[in-house]
Protein chains: 2
Amino acid sequence: MLISEASMKSGLSADTIRFYEKSGIVPAIERGSDGLRRFSPENVEWLTLLYWLRKTGMPMKDMQRFAGLYREGDRTVQERKALLLGHAETLKRKRTDLDRCEEVLAEKLAIYDKLERNQT
Amino acid sequence: MLISEASMKSGLSADTIRFYEKSGIVPAIERGSDGLRRFSPENVEWLTLLYWLRKTGMPMKDMQRFAGLYREGDRTVQERKALLLGHAETLKRKRTDLDRCEEVLAEKLAIYDKLERNQT
DNA sequence: TACCTCTCTGGAGCTACTCCAGGTCAAGGC
DNA sequence: GCCTTGACCTGGAGTAGCTCCAGAGAGGTA
């Protein structure tokens with residue numbers, strides 16, 4: 001499939017996909033005789049994983065490391081597991097950040113409600 | 001209090017505080033005769049709110065708008081409420097992103113576990 | 001007096017995109 | 001056969017939101 005379809009399916013923009021390829025986070029994608037990238041379903045699966053890692057704040061350095069390990073094959077499975085488990089931890093921290101921010105917003109909104117009632 | 005204390009209490013770095021002041025997200029902070037910024041408790045409260053908004057992904061444009069409304073006084077309370085309620089919505093969306101990413105990670109980790117068992 | 005620490009400003013550098021100009025190529029319409 | 005359209009290509013500039021740094025000044029301590 002072409003880049004537009006890969007983009008739609010993975011959630012990453014075409015520009016971002018090309019950027020990731022240049023950065024080595026995505027393997028060099030095969031090209032047709034027309035010079036256009038042809039994405040395999042495996043490519044798209046990889047892009048989708050990257051989409052979620054990135055969307056939840058994994059820095060590019062980590063993704064590069066992850067991609068490097070992937071290229072090295074099955075003997076790096078443990079390290080890749082550790083990396084993903086580490087990311088799962090940051091997800092937890094992000095969740096507590098959301099909790100705390102919701103509290104802060106609730107307090108602020110309560111104050112505004114009071115102000116509004118006093119205005120009328 | 002000086003900037004280092006305001007930084008510690010709000011969570012924002014001194015550099016970020018100065019940057020926010022330049023950007024108009026933070027009101028111009030009072031200076032002592034030595035030229036150093038003196039932060040009031042209200043300043044710190046505002047910085048802390050900004051810290052949480054920023055940490056949970058509110059773009060600077062929105063924070064600038066929020067600060068502008070704040071400067072205009074109590075008659076903008078409704079608009080400020082709307083802005084914060086909007087942010088509360090994005091928090092919800094972020095939470096579902098975290099959920100989905102956790103699922104993706106769990107799937108991936110399950111695959112790695114299987115691979116490891118087959119290796120041994 | 002010298003040194004240390006904290007602060008100041010302006011400006012460069014960084015991350016992770018995003019957008020754009022200028023060009024190629026294949027397909028469809030006339 | 002030619003022209004237009006549309007998706008794609010590359011290289012490079014622009015953006016957001018910091019972060020770091022050099023160079024300078026003020027106040028405190030030995």
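Naming convention: chains lettered A, B, ... in sequence-line order (proteins, then strands); numbering from 1 in each chain.
- Between the CG atom of A:Asp34 and the C1' atom of C:dA27 there is a distance of 12 Å, rounded to whole Å.
- By the ring-ring contact (aromatic ring centres under 6.0 Å, His included) test, B:Tyr112 is found to be paired with no residue, residues two or more places apart in sequence or in another chain being considered.
- Going from atom CZ of A:Arg38 over to atom P of C:dC25 covers 14 Å, rounded to whole Å.
- In this structure, NZ of A:Lys22 is placed 12 Å from P of D:dC9, rounded to the nearest angstrom.
- If you take CD of A:Gln64 and C1' of C:dC17, they are 14 Å apart, rounded to a whole angstrom.
- B:Asn43 meets the side chain to side chain donor-acceptor pair (under 3.5 Å) test with B:Ser40; sequence neighbours excluded.
- For residues 14-44 of chain A, no pair satisfies ring-ring contact (aromatic ring centres under 6.0 Å, His included), with sequence neighbours left out.
- For B:Gln78, the CD atom is loosely surrounded, since the number of other residues' heavy atoms within 6.0 Å does not exceed 12.
- In this structure, A:Arg100 pairs ionically with A:Glu103, as a charged nitrogen and a carboxylate oxygen lie closer than 4.0 Å.
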At a cut-off of 3.5 Å, list every protein nitrogen or oxygen paired with a nitrogen or oxygen from nucleotides 13-19 of chain D, distance to 0.1 Å.
| residue | atom | partner | partner atom | Å |
| --- | --- | --- | --- | --- |
| D:dG17 | OP1 | B:Met60 | N | 2.9 |
| D:dG17 | OP2 | B:Met60 | N | 3.4 |
| D:dC18 | OP2 | B:Tyr20 | OH | 2.4 |
| D:dC18 | OP2 | B:Arg54 | NE | 2.8 |
| D:dT19 | OP2 | B:Thr16 | OG1 | 3.4 |

Expected rows: protein N/O vs nucleotides 5-8 of chain C N/O, under 3.5 Å:
| residue | atom | partner | partner atom | Å |
| --- | --- | --- | --- | --- |
| C:dT7 | OP1 | B:Ser4 | N | 3.1 |
| C:dT7 | OP1 | B:Ser4 | OG | 2.8 |
| C:dC8 | OP1 | B:Arg37 | N | 3.1 |
| C:dC8 | OP1 | B:Arg37 | NH1 | 2.7 |
| C:dC8 | OP2 | B:Arg18 | NH1 | 2.4 |
| C:dC8 | OP2 | B:Arg37 | NH1 | 3.4 |
| C:dC8 | O5' | B:Arg37 | NH1 | 3.4 |
| C:dC8 | O3' | B:Arg31 | NH1 | 3.4 |

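- Looking at heavy atoms from C-beta onward, A:Asp62 lies in side-chain contact with A:Met58 at the 4.5 angstrom threshold.
- Atom C1' of nucleotide C:dT15 and atom CG of A:Asp62 are separated by 13 Å, given to the nearest angstrom.
- In this structure the side chain of A:Thr48 never reaches within 4.5 angstrom of the side chain of B:Val104, judged on heavy atoms.
- For A:Lys114, the side-chain contact (heavy atoms from CB on, under 4.5 Å) test picks out A:Arg117, with sequence neighbours left out.
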